[in-house]
Amino acid sequence: MTETNSLTTKSLLDWYDRHARALPWRVSPEDRRLGEIPDPYRIWLSEVMLQQTTVAAVKDYFIKFTGTWPTVMDLAAARQEDVMKAWAGLGYYSRARNLKKCADTVARDHGGHFPDTEDALLKLPGIGPYTAAAIAAIAFDRHAAVVDGNVERVLSRLGLIETPLPDAKPEIKALMGTLTPSDRPGDFAQAVMDLGATICTPKRPACAICPWTQECRARNEGLAETLPRKAPKKEKPVRFGAAFVARDAKTGSIYLRRRPPKGLLGGMTEVPGTDWRETGQTDDPSGQAPFAGPWTKRMTVVKHTFTHFHLRLTVYRADISAAGIEANDGWWCPVDDLNSEALPTVMRKVLAAALD
DNA sequence: AAAACGGGGAT
DNA sequence: ATCCCAGTTTT
């Protein structure tokens with residue numbers, strides 16, 4: 001490492017020692033100096049939850065998960081269904097499926113202990129290049145180049161990397177490897193990410209109070225806010241469908257069913273509905289309802305946006321007698337139990353529109 | 001290499 | 001409305 005890089009690294013670690021945010025899964029720099037070791041299970045769980053997800057959204061889920069399943073062995077012993085219920089609302093549900101797979105693998109093949117190298121971590125389900133490096137650095141003090149969206153933004157500015165993403169990834173990874181110290185690699189990674197989250201923000205970065213304001217090449221060129229450059233993204237199409245909320249006239253129970261295990265919202269709970277097509281349907285969809293009506297259309301059209309399309313769902317409700325109806329593919333759920341079901345947000349919106 | 005995969009908060 | 005987030009897996 002060059003002398004310049006060493007000074008750059010040190011100035012950020014000094015900033016981190018003074019400004020590190022307290023987080024439920026983080027061991028503070030002070031506590032670490034006092035000998036506290038981060039729990040690999042908690043680091044892993046937090047890092048998976050944080051994939052494409054904000055710190056604010058993760059906090060409560062992390063506390064709920066670690067309270068229910070304090071160790072990886074507890075999670076391995078859990079039922080898949082209970083993990084999906086606990087994950088409901090957090091999004092990217094393949095993460096919850098892979099979380100359980102990973103816990104099972106660690107319990108069965110590694111004696112309940114996470115492997116302590118980047119390469120071995122990378123082999124586990126749901127752990128990709130970012131998460132493997134983050135766990136290796138934070139939980140095991142390995143010299144790993146941790147690169148997430150924050151690091152891409154911060155380092156593209158620090159090094160004036162004008163290559164658009166994703167082509168710039170190798171260059172950024174190399175720069176992060178050069179900057180990362182062998183002493184405190186995990187704190188350094190967290191410092192860059194904290195910097196990106198609080199100061200080197202996508203818009204209006206606070207360069208005046210940045211610990212790297214002197215050495216930042218983009219700032220010195222007046223280009224900080226223009227970086228990183230990114231390839232233009234595709235626009236989202238709109239899809240349309242109908243959802244059917246069947247309510248038992250006697251008990252108020254709602255008819256629910258399980259979605260297929262893979263794909264969009266895989267393994268989650270839903271109310272019956274039509275396919276989601278790219279053209280607005282002008283025909284009466286009640287023929288596709290699970291039971292005979294009469295179905296009445298709700299005024300509120302549910303709008304929801306997924307990663308790659310907008311969805312507009314017309315909601316129908318029917319109050320019928322559950323007795324005598326065969327619950328082939330689903331079950332009747334008491335209305336008071338809806339909150340604990342594995343219902344994704346779009347389905348909670350549907351139920352709100354049907355029941356208000 | 002490109003697409004699939006959620007949801008919410010900030011602007 | 002748009003962007004973006006402590007990305008990974010599948011095609």
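Within every chain, numbering begins at 1; the chains are lettered A, B, ... in the order of the sequence lines, protein sequences first and strands thereafter.
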Name the nucleic acid region contacted by [X], choosing base, sugar-phosphate or nothing; use a 4.0 angstrom heavy-atom cut-off, strictly under.
X: A:T201; answer: nothing
X: A:R348; answer: nothing
X: A:G263; answer: sugar-phosphate
X: A:L23; answer: base
X: A:I127; answer: sugar-phosphate
X: A:G89; answer: sugar-phosphate
X: A:P344; answer: sugar-phosphate

Worksheet item: Within 45° of the axis and under 6.0 Å from the centre of the six-membered ring of A:W15, does NZ or CZ of A:R184 qualify?
Response: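 No, A:R184 and A:W15 do not form such a contact.
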
Discussion item. When you measure from the centre of the six-membered ring of A:F240, is the NZ or CZ of A:R312 closer than 6.0 Å and no more than 45° off the axis?
Written reply: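 Here A:R312 fails the 6.0 Å and 45° test against A:F240.
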
Tell me whether the OP1 or OP2 atom of [N] has a side-chain N or O from [X] closer than 4.0 Å.
X: A:S94; N: C:dT8; result: no
X: A:R153; N: C:dC5; result: yes
X: A:H304; N: B:dG6; result: no
X: A:K233; N: C:dC4; result: yes
X: A:Y93; N: B:dG7; result: yes
X: A:T53; N: B:dG8; result: no
X: A:Q52; N: C:dG7; result: yes

Rounded to whole angstrom, note down the [atom1] distance from [N] over to [M].
N: C:dA6; M: B:dT11; atom1: P; value: 13 Å
N: B:dG8; M: C:dT9; atom1: C1'; value: 23 Å
N: B:dG6; M: C:dT11; atom1: P; value: 14 Å
N: B:dC5; M: C:dC5; atom1: C1'; value: 15 Å

Using atom [atom1] of [X] as one end and atom [atom2] of [N] as the other, report the distance to the nearest whole Å.
X: A:Y92; N: B:dC5; atom1: OH; atom2: C1'; value: 5 Å
X: A:R204; N: C:dC3; atom1: CZ; atom2: P; value: 19 Å
X: A:K262; N: C:dT10; atom1: NZ; atom2: C1'; value: 9 Å
X: A:K230; N: C:dC4; atom1: NZ; atom2: C1'; value: 7 Å
X: A:L50; N: C:dA6; atom1: CG; atom2: P; value: 8 Å
X: A:M176; N: C:dA6; atom1: CE; atom2: P; value: 13 Å
X: A:D194; N: C:dA6; atom1: CG; atom2: P; value: 10 Å
X: A:K173; N: C:dG7; atom1: NZ; atom2: C1'; value: 12 Å

Between [options], which nucleotide has the shortest distance from any of its atoms to the side chain of [X]?
X: A:F306; options: B:dG6, C:dC5, C:dA6; result: B:dG6
X: A:V55; options: B:dC5, B:dG7, C:dA6; result: C:dA6
X: A:L265; options: C:dA6, B:dG7, B:dC5; result: B:dG7
X: A:T345; options: B:dG7, B:dC5, C:dA6; result: B:dG7
X: A:H308; options: B:dA4, B:dG6, C:dA6; result: B:dA4

Worksheet item: On a plain distance test, is the side chain of A:T307 in donor-acceptor contact with the base of B:dG6 below 3.5 Å?
Response: yes

Practice prompt. Look at the side chain of A:Y130 and the base of C:dG7, then say whether one donor and one acceptor between them are separated by less than 3.5 Å.
Written response: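 Under the 3.5 Å cut-off, the side chain and the base do not form any donor-acceptor pair.
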
Worksheet item: So, are A:D194 and A:R26 salt-bridged, with charged N and O less than 4.0 Å apart?
Response: yes

Regarding [X] and [Y], is there a side-chain donor-to-acceptor distance under 3.5 Å anywhere?
X: A:T71; Y: A:D74; answer: yes
X: A:T53; Y: A:R95; answer: yes
X: A:H310; Y: A:T305; answer: yes
X: A:T213; Y: A:R219; answer: yes

Worksheet item: Relative to the 5' end of DNA chain C, which residue comes earlier, A:G126 or A:M193, by the nucleotide with the nearest heavy atom?
Response: A:M193

Worksheet item: Passes side-chain hydrogen bond (donor to acceptor under 3.5 Å, both in side chains), A:T8 versus A:W212? Steps please.
Response: CA-CA 7 Å; A:T8 300; A:W212 275 350; 5.2 Å; no

Item to complete: Would you mind telling me which residue lines up with the more 5' stretch of DNA chain B, A:K234 or A:K203, judged by nearest nucleotide?
Response: A:K234

